Number of protein chains: 2
Amino acid sequence: MAGITILDVARAAGVSTSTVSNLLNGRTGRMLPETRERVESTIRDLGYRPNRAARQLRTGKPQVIGLVVPSVGNPYWGALARYLEAAALTEGYHVLLCNSERDPARERQYVDELVSDGIRGIVLCSSLPSLEHVSGLIEDGLRLVAFDRTAQADDPVGLVNVSVDNTIGAELMGEHLVSLGHRRIAFVSGAIRSVNRTERFAGFLRALERAGIARPDVVTWPGSSSADGTFGDVEAAELGRVAATELLTGPNPPSAIFAVNDMTAIGVCRAVRDAGMEVGREVSVAGFDDIVLAELYSPRLTTVRQPMKEMAAAAFRALHAPADGQPTSQATSLLFRPELVVRDSTAAPVA
Amino acid sequence: MAGITILDVARAAGVSTSTVSNLLNGRTGRMLPETRERVESTIRDLGYRPNRAARQLRTGKPQVIGLVVPSVGNPYWGALARYLEAAALTEGYHVLLCNSERDPARERQYVDELVSDGIRGIVLCSSLPSLEHVSGLIEDGLRLVAFDRTAQADDPVGLVNVSVDNTIGAELMGEHLVSLGHRRIAFVSGAIRSVNRTERFAGFLRALERAGIARPDVVTWPGSSSADGTFGDVEAAELGRVAATELLTGPNPPSAIFAVNDMTAIGVCRAVRDAGMEVGREVSVAGFDDIVLAELYSPRLTTVRQPMKEMAAAAFRALHAPADGQPTSQATSLLFRPELVVRDSTAAPVA
DNA sequence: ATGAAAGCGCTAACAT
DNA sequence: ATGTTAGCGCTTTCAT
């Protein structure tokens, strides 16, 4: 296939393999400029490309990072995968893709497997509330970045969390809804157990309290399938639909509904329409995440944007931070500033 | 990290590394059952896991396949990535993810890079009309599957194409629209140059001709950004919006619009609404692909489903088919049966 | 039935 | 400034 080895280059350039290797690894100071040029042009002429497997075998560090997501079929994770891969590419890294399908056992197995493949950096988008099971791996030198998750008390030392500031994001949305004139606002989500759900709800409450508004209706739908009450794409939308239907047909229907994420918001929109009302007029609907779909949906969804590209780049960078092995160092969190995106699904309440 | 080598196992079990290796590679016939059991339990006790890099260095065949897509941020490719990874997992393979961002240079570079990393199997979702540039690699033993693309006259020998039957899919949709009573039906797409666009248009025409309907309006929007007139997600929707607006405000507006894919159909829906009409009543809109979004959109989109899961599994299987090296063998195509999915965006035309 | 040993392509001491 | 060389962990002849 490629066939050309470092030895071929060395011979053709009339130098030793060490010199070629030194050049390849940036130790250019150790040779004459003329030698360097000769070797460089030989590499080009021969079309030589280093063999990653051999390099990895020798150094123990593959030029590959692992990405474990619930499912890249979901646009939110798809966007992360895209931007993470782009960031990795700038440093010559590749991305190994793993879909956990929200199965904790599979998630754990993937991490173990990646580690024993020699991979030293993993971006993990876990469905698990606790990451204790990876603390041993981190102690052994694995760089682990938890994405879409904020720091927890029992986090393993050395874990880096990358997330949007959910509390502030939800607070922004709460303020937006209040400033529009809404007073009866409902919050819709699955069972509030996951970290970011809890935070979003807290931020939302804070905005309402500041405005002196009574505790809002909260509709939480118990998880049906998976153990921790998380849902897939379509299930999230269905959850929104069912929950909103209940709210809208109840005794004191809200004039605005804030859904825990865009998929759920879309389900809420459907329920509103099914009830014969218009989203953005009779009922305002807001989401969270700003997936591509939010812009394309009809009506275009008001939501809270996560700066995905920057977050992905930061996650990749965190993978490269020096492992410090200090058992006393603190877990780190990288919180990103969310942005309120006002579109057509929210408006002032009608009379 | 993992640290345990085949030598550790051999020593602990009191055998040689060859025996352990033989066991690992299924050559169990070459040892006594009792030896085998002893080694197997030692492997378990020690938690030994073979080092992929070393295995690859030795065999030249990594347990990794490459996937090159325009962008996993797009739900269509995200779905492929998800199912391909699932199929690969069943055989112990991992998937290396590459986003070409529809840049031909980047696409080519990725393929070259994967090959020189020793990867022997690639699923390529190319934006390029011709795949001639990879014929050399295929001759050298690369297994190359082109996804979402049907066979072409100048295809390199050994290339396997996996695709839905676009012609039949579009024909099904054409029949559906005709049977609903539509007579003035427009087709909307980007510049009709790509293979599957051409096929979809041809299938659509066939259905209309069979029904004795005059040649339909066709609105094709010239590509703006990339060389071959393809668009990204949001651009596809925008294309649909602009094209449909032109049709709807023209002299003889169609009662139904068939878009080349779901994203474009969504843009068409927006234009319909912007024109003060209701999708699924005044104007029927149909798409193609059946991305997740189609089901969630409002109204739910009538479209043509591609059996993604089966197609991904087939693509992975094709990667394993024996390379035959026979320069006389024909390029192969795997065509999948599309399925008409009727939802709410199409209906009989009003008076 | 089992073992010994030669590399796969590369990096990094350690020479010179 | 450049070269020599010993492995990294594994598979696979070739012996025994």
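Letters go in sequence order (proteins before strands), and every chain restarts at 1. No experiment lies behind these values; they were computed from the predicted model shown.
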Ring pair (Phe, Tyr, Trp, His ring centres under 6.0 Å) assessment of B:Y93 paired with B:F316: CA-CA 10 Å; B:Y93 275 71; B:F316 179 72; 5.7 Å; yes

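- For A:L7 and C:dG7, the CG to P distance is 13 Å, given to the nearest whole Å.
- One cannot find a donor-acceptor pair under 3.5 Å joining the base of C:dA12 and the side-chain atoms of A:T59.
- For the OP1/OP2 pair of D:dT11 and a distance below 4.0 Å, the side-chain nitrogens and oxygens of B:N25 include at least one atom meeting the criterion.
- Counting non-hydrogen atoms under 4.0 angstrom, B:S18 reaches a base of the nucleic acid.
- Within 4.0 Å (heavy atoms only), B:R55 reaches sugar-phosphate atoms of the nucleic acid but no base atom.
- The residue B:S21 sits close to a base: some heavy atom pair falls under 4.0 Å.
- Across all strands, B:T17 comes closer than 4.0 Å to base atoms (heavy-atom distances).
- The separation between A:I6 atom CD1 and C:dC10 atom C1' is 6 Å, rounded to whole Å.
- Comparing the axis of the opening five pairs of the helix from C:dA1-D:dT16 to C:dT16-D:dA1 with that of the closing five pairs yields an angle of 40°, rounded to 10°.
- Between B:E85 and B:H94, the side chains place no donor N or O within less than 3.5 Å of an acceptor N or O (distance only, hydrogens not considered).
- Contacts of B:L32 with the nucleic acid, taken as non-hydrogen atoms under 4.0 Å apart, involve only primed sugar atoms and P, OP1 or OP2.
- Put simply, CZ on A:R58 is 16 Å from P on D:dC10, counting in whole angstrom units.
- Taking only side-chain nitrogens and oxygens, B:T19 comes nearer than 4.0 Å to OP1 or OP2 of C:dG3.
- B:S130 and B:Q152 form no side-chain donor-acceptor contact under 3.5 Å, judged by distance and modelled atom types alone.
- Salt bridge B:R108/B:E113: absent, no basic N to carboxylate O contact under 4.0 Å.
- Summarising the geometry, the separation between CZ on B:R52 and C1' on C:dG9 is reported as 20 Å, rounded to the nearest angstrom.
- As a whole-Å value, the separation of B:Q63 CD from D:dG9 P is 19 Å.
- OP1 or OP2 of D:dG3 has at least one side-chain nitrogen or oxygen of A:S16 nearer than 4.0 Å.
- Under the 3.5 Å distance criterion, the side-chain polar atoms of B:N99 are left unmatched by any main-chain donor or acceptor of B:E101.
- The listed nucleotides are C:dG3, C:dC10, D:dG9; the one nearest the side chain of B:V15 is C:dG3.
- In this structure, the CZ atom of A:R38 is 8 Å from the P atom of D:dT2, given to the nearest Å.
- Atom CG of B:N22 sits about 12.0 Å away from atom CZ of B:R36, to the nearest 0.5 Å.
- Across all strands, A:N22 comes closer than 4.0 Å to no nucleic acid atom at all (heavy-atom distances).
- Nearest-nucleotide positions on DNA chain D for B:R27 and B:A53 put B:A53 closer to the 5' end.
- One N or O on the side chain of A:R38 and one on the backbone of A:A13 form a donor-acceptor pair closer than 3.5 Å.
- Between B:R30 atom CZ and C:dT2 atom C1' the separation is 11 Å, expressed in whole Å.
- Rounded to an integer number of Å, the gap from B:L57 CG to D:dG9 P is 12 Å.
- In this structure, A:R149 pairs ionically with A:D155, as a charged nitrogen and a carboxylate oxygen lie closer than 4.0 Å.
- Which of D:dG3, C:dT11, D:dT2 sits closest to the side chain of A:T35 comes down to D:dT2.
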